[in-house]
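First up is the structure itself, then whatever we jot down about it.
Values in this document were obtained by computation on a predicted structure and should not be read as measured data. By convention in this document, chain letters (A, B, ...) are assigned in the order of the sequence lines, proteins followed by strands, and residues within each chain are numbered from 1.
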There are 2 protein chains.
Amino acid sequence: MEDNSSGTTTGPAAGPAEELPGGRARPKTGKSEQTRALILETAMRLFRERGYDKTTMRAIAQEAGVSVGNAYYYFESKEFLIQGFYDQMTYAHALDATARMAGERDFDARLRISLESWLDCAADYHEFAAQFFRTAADPDSSLSPFSNESHPARATAVDLFRDVLNGSDLAPRLDAELAELLPDLLWLHLMVVVLYWVFDRTPDTARTREFVRRSTPLVAKLIALSRYRVFRPMVRDAKSLIQDFILPTIGRTAATRTPPPPPRRP
Amino acid sequence: MEDNSSGTTTGPAAGPAEELPGGRARPKTGKSEQTRALILETAMRLFRERGYDKTTMRAIAQEAGVSVGNAYYYFESKEFLIQGFYDQMTYAHALDATARMAGERDFDARLRISLESWLDCAADYHEFAAQFFRTAADPDSSLSPFSNESHPARATAVDLFRDVLNGSDLAPRLDAELAELLPDLLWLHLMVVVLYWVFDRTPDTARTREFVRRSTPLVAKLIALSRYRVFRPMVRDAKSLIQDFILPTIGRTAATRTPPPPPRRP
DNA sequence: TCGAAGTTTTGAACACGTTCAAGGAACGCA
DNA sequence: TGCGTTCCTTGAACGTGTTCAAAACTTCGA
């Protein structure tokens, strides 16, 4: 918060929320964008090769053939390189998962596929991921996916889970209001899996994969059961708790909060 | 992992798992223990006053009247000072919560009281706690409460929740096996509350307090319901998932793990 | 009391993330 | 062409966490 007077430099580092290929973004010169990409790619390669802590900013700069100050012109800090990595990976994951679950209608399978896809996309970065998670746990860092700042990567991820649900045979049978909450909850489920994965030390993170295979049927069953009468009061309580306390804390400020009671009659 | 050859120094920093007042602990000279305590207290005061990042090791040393190297003799790194803080707070919390819920038999109330007690104990450190949580999220750090290293503070916390359960009217009505898992699960619930608290920016963390008031009845209801027939299959699945995948990942490898860690380094 | 072995303390030195004043390079305009 | 403005790049310098060889102190047997 106290860093907002980020100096006299007016470089792109001040507003780094634009490097996905979709934006009108940076002025014009392809040169600048090229340097930025070079630095990010070099950093990611070194992170993969040596790990985060052992990769110094000096090494990144030298390996990329620029000065250390130049790296700071494009990335506000070493942590912002992680943001670049996270955005890229989220995007790749969304594409891969969507492709892989095409045609599959079973909700459990779709959920499992999308999580396994994440594990595959992230596999090369397992060691380095600890650092990412550390950063995510810091509420002061704008990189945290839990932080209120609009986080394009998080929106992409939540959209993917909306797709997981909507493309499944489960979707039409669900209460509309619950269906609205679920994408965010499934994203939270991914966060739990990520937490598990970060701490997983088994070869090829086999344990996490097993955890996914075991936990997704449970999630599917839980959601399916939520329609039944007996569970109504509890589901209602849980729903309002989530709506009032969980979602506003993550990105979802007020976008869709308690819409007027939908007079549905099943 | 690669730091294990922690240098030639054989000071107490190598085995800092002993400073709770219950132990036979450090050899004999009260002097050493005194210096250690002085450094820890000074650090905690400065953390409280200035925050973690703004408190430098040099400042801690100067304020405590020792050299910076001396601080490193007692604490392997700045992060290990957090461990000292965490141990102390956990102990204080266990005492406070136990006292506060004495006489109360309602499970929901006991759970709520114990969580509110935590919030009160931690209140002074709210700002600084972000850093603690950051550390907790790093699997390479032996400070992480999720790490396998025997973590006396965690054991204390889990014991507290065992007490929350056993002292309640709910305990005798529960399946024995489930009752065995619950203390760890309730500790996980605390971790969720802590996560919420860390990100909470409302004055006096009012939002977290509201979150506790709203979530504990749900937890209580969920546990109470688990006895009913309909839920059996699901409870069984969840139980085995937790038993096989969650608890082993946190400290709980086997029932009782090598109780006495000998602090001798010849 | 002496000396050796162990314990505690010191502070200069090191590596790293980060900052910043200064200087080029590119572009527009007269 | 010359000049002003903006964008990009540089690398020395700063403050920080951390290390380590050496000094100071304690303990204890002879």
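Taking the side chain of Val68(B) as heavy atoms from C-beta on, and the options dG17(D), dT10(C), dT19(D), the nearest nucleotide is dT19(D).
Rounded to an integer number of Å, the gap from CE of Met57(B) to C1' of dG11(C) is 14 Å. In this entry the distance linking CZ of Phe80(A) with P of dT18(C) reads 10 Å, nearest Å. Spacing between atom CZ of Phe75(A) and atom P of dT9(D) amounts to 12 Å, rounded to whole angstrom units. The interatomic distance linking Asp53(B) (CG) with dT16(D) (P) rounds to 11 Å, in whole Å. One interatomic measurement links the two molecules: NZ of Lys54(A) to P of dG17(C), which rounds to 13 Å at whole-angstrom precision. The distance between atom CD of Glu76(A) and atom P of dC20(C), rounded to the nearest whole Å, is 13 Å. Put simply, CD1 on Ile60(B) is 10 Å from P on dT18(D), counting in whole angstrom units. Rounding to whole angstrom units, CD of residue Gln62(A) and P of dG17(C) are separated by 13 Å.
At the phosphate of dT9(D), OP1 or OP2 sits under 4.0 Å from a side-chain N or O atom of Thr35(A). In this model, the phosphate group of dC8(D) is approached by a side-chain N or O of Ser32(A) to a distance below 4.0 Å at OP1 or OP2. Proximity of Tyr72(A) to the phosphate of dT18(C): a side-chain N or O atom is located under 4.0 Å from OP1 or OP2. Within the structure, every side-chain polar atom (N or O) of Tyr73(A) is placed at least 4.0 Å from both OP1 and OP2 of dT19(C). Of the side-chain N and O atoms in Asn70(A), none sit less than 4.0 angstrom from OP1 or OP2 of dC8(D).
A residue-by-residue look at Val66(A) and Arg58(A) shows that Val66(A) has its nearest nucleotide of DNA chain D further toward the 5' end.
A cation-pi arrangement, defined by a distance under 6.0 Å to the six-membered ring centre and an angle within 45 degrees of its axis, is present between Lys78(B) and Tyr52(B).
Side-chain atoms of Thr249(B) and Tyr196(A) include a donor-acceptor pair closer than 3.5 Å.
Taking CD of Glu210(A) as the start and OG1 of Thr205(A) as the end, the distance is 12.0 Å to the nearest 0.5 Å.
At a threshold of 4.0 Å, the pair Arg209(A)-Asp120(A) counts as salt-bridged, since one of the basic side-chain nitrogens sits closer than that to a carboxylate oxygen.
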Would you please test Tyr74(A) and Ser32(A) for side chain to side chain donor-acceptor pair (under 3.5 Å) and show each step?
CA-CA 9 Å; Tyr74(A) 288 102; Ser32(A) 175; 3.2 Å; yes
